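Keep in mind that the numbers below use all heavy atoms, side chains included, and drop hydrogens, waters and symmetry copies. Just so we're clear, the structure is a prediction, and the values are computed from it rather than from any experiment. Order of the sequence lines sets the chain letters (A, B, ...), proteins ahead of strands, with each chain counted from 1.
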Amino acid sequence: GQQVMQIPQYQHVQEGEDFTTYCNSSTTLSNIQWYKQRPGGHPVFLIQLVKSGEVKKQKRLTFQFGEAKKNSSLHITATQTTDVGTYFCALATDSWGKFQFGAGTQVVVTP
Amino acid sequence: NAGVTQTPKFQVLKTGQSMTLQCAQDMNHNSMYWYRQDPGMGLRLIYYSASEGTTDKGEVPNGYNVSRLNKREFSLRLESAAPSQTSVYFCASRDRGGYTDTQYFGPGTRLTVL
């Protein structure tokens with residue numbers, strides 16, 4: 001079956017630093033989504049990437065879809081304490097509605 | 001718009017007891033999902049319903065049953081709870097159309113099975 005790996009599983013960042021989290025698939029993807037979950041909260045949709053090589057920005061967050069559509073990255077610049085949480089990538093595994101989430105990258109920010 | 005609502009928010013069960021987790025959405029979405037979340041394991045799909053009247057198994061369906069009562073409601077039933085089912089359960093509905101593909105999650109149900 002389709003496998004999606006997220007790395008790193010855990011990221012400790014100093015406030016103001018940059019970091020990147022990666023999502024890698026064993027197969028070519030039609031699209032990929034990113035979600036953020038704050039501690040004690042529920043996942044919230046951030047963005048969807050569809051095109052090969054696509055890059056989208058949301059303020060300090062930059063999302064990229066690989067040229068081969070088998071991987072994606074989320075880069076956060078000048079990390080703030082509000083960036084604390086777990087970031088998940090997610091993808092549809094069939095055309096009828098089945099979905100799979102990565103294990104997530106838990107981000108901890110030190111002031 | 002309430003979005004996706006879930007009841008109850010917290011529940012403690014004894015092994016062997018049964019219960020139903022309720023989920024409702026008011027966004028007129030066709031697809032609905034049930035996930036469980038355990039530490040370090042992300043979200044795992046239990047069951048989903050692509051449209052009213054259909055349900056399908058996800059990654060971890062054993063020990064669960066679902067009912068898509070109507071377009072708004074999708075319930076998850078534990079017939080005989082086991083400690084391994086201690087988890088946080090999230091319901092989601094999916095907005096799919098044109099260039100849109102977004103899941104909206106409820107606040108979750110925190111279930112402990114003793």
Peer 1: Checking A/Gln6 against chain B: side chain, backbone, both or neither under 4.5 Å from a heavy atom?
Peer 2: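 Answer is neither: A/Gln6 stays 4.5 Å or more from chain B.
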
Peer 1: Heavy atoms under 4.5 Å from chain A: which residues of residues 22-37 of chain B carry them?
Peer 2: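 The stretch touches chain A at B/Tyr33, B/Tyr35, B/Gln37.
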
Peer 1: Tell me, for B/Asp56 versus chain A, whether the close heavy atoms (under 4.5 Å) come from the side chain, the backbone, both or neither.
Peer 2: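 Contact with chain A is absent: no heavy atom of B/Asp56 under 4.5 Å.
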
Peer 1: Counting heavy-atom pairs under 4.5 Å to chain B, which of A/Gln106, A/Gln9, A/Gln37 comes out on top?
Peer 2: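 Ranked by contacts with chain B, first place is A/Gln37.
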
Peer 1: Check whether B/Ser49 reaches the backbone of B/Arg68 with its side chain - one donor and one acceptor, N or O, closer than 3.5 Å.
Peer 2: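 No: the side chain of B/Ser49 does not pair with the backbone of B/Arg68.
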
Peer 1: Can you tell which part of A/Tyr10 gets under 4.5 Å to a heavy atom of chain B, answering side chain, backbone, both or neither?
Peer 2: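 Answer is neither: A/Tyr10 stays 4.5 Å or more from chain B.
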
Peer 1: For the residue pair A/Phe88 and A/Phe101, categorise the inter-ring angle as parallel (less than 30°), tilted (30 to 60°) or perpendicular (more than 60°).
Peer 2: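 Perpendicular, since the angle between the ring planes exceeds 60°.
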
Peer 1: Hey, does the side chain of B/Ser67 reach the backbone of B/Leu69 with a donor-acceptor pair shorter than 3.5 angstrom?
Peer 2: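 A pair under 3.5 Å: no.
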
Peer 1: Quick one: does any side-chain atom of B/Glu73 pair with a main-chain N or O of B/Asn70 as donor and acceptor, under 3.5 Å?
Peer 2: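 It does not hold such a pair.
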
Peer 1: Go through the structure and list residues passing side chain to side chain donor-acceptor pair (under 3.5 Å) with B/Ser18, not counting sequence neighbours.
Peer 2: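 With sequence neighbours excluded, B/Ser18 shows a side chain to side chain donor-acceptor pair (under 3.5 Å) to B/Arg77, given in chain and number order.
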
Peer 1: Is it true that A/Asp18 and A/Arg60 make a salt bridge, defined as a side-chain N closer than 4.0 Å to a carboxylate O?
Peer 2: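 No.
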
Peer 1: Given that the side chain runs from C-beta out, which part of B/Leu45 has a heavy atom under 4.5 Å from chain A: side chain, backbone, both or neither?
Peer 2: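 Looking at B/Leu45, just its side chain touches chain A.
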
Peer 1: Are the side chain of A/Glu54 and the backbone of A/Val50 linked by a donor-acceptor contact shorter than 3.5 Å?
Peer 2: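 Yes, A/Glu54 side chain to A/Val50 backbone: donor-acceptor pair under 3.5 Å.
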
Peer 1: Can you say whether B/Arg44 sits under 4.5 Å from chain A via the side chain, the backbone, both, or neither, judging by heavy atoms?
Peer 2: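 Contact with chain A: none, neither part.
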
Peer 1: Could you tell me if the side chain of A/Phe45 sits less than 4.5 Å from the side chain of A/Gln33, heavy atoms only?
Peer 2: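 Yes; the side chains approach each other to less than 4.5 Å.
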
Peer 1: Side-chain heavy atoms under 4.5 angstrom apart, residues restricted to Ile, Leu, Val, Met, Phe, Trp, Tyr: same cluster for B/Phe105 and B/Val60?
Peer 2: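 No: no chain of side-chain contacts under 4.5 Å links B/Phe105 to B/Val60.
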
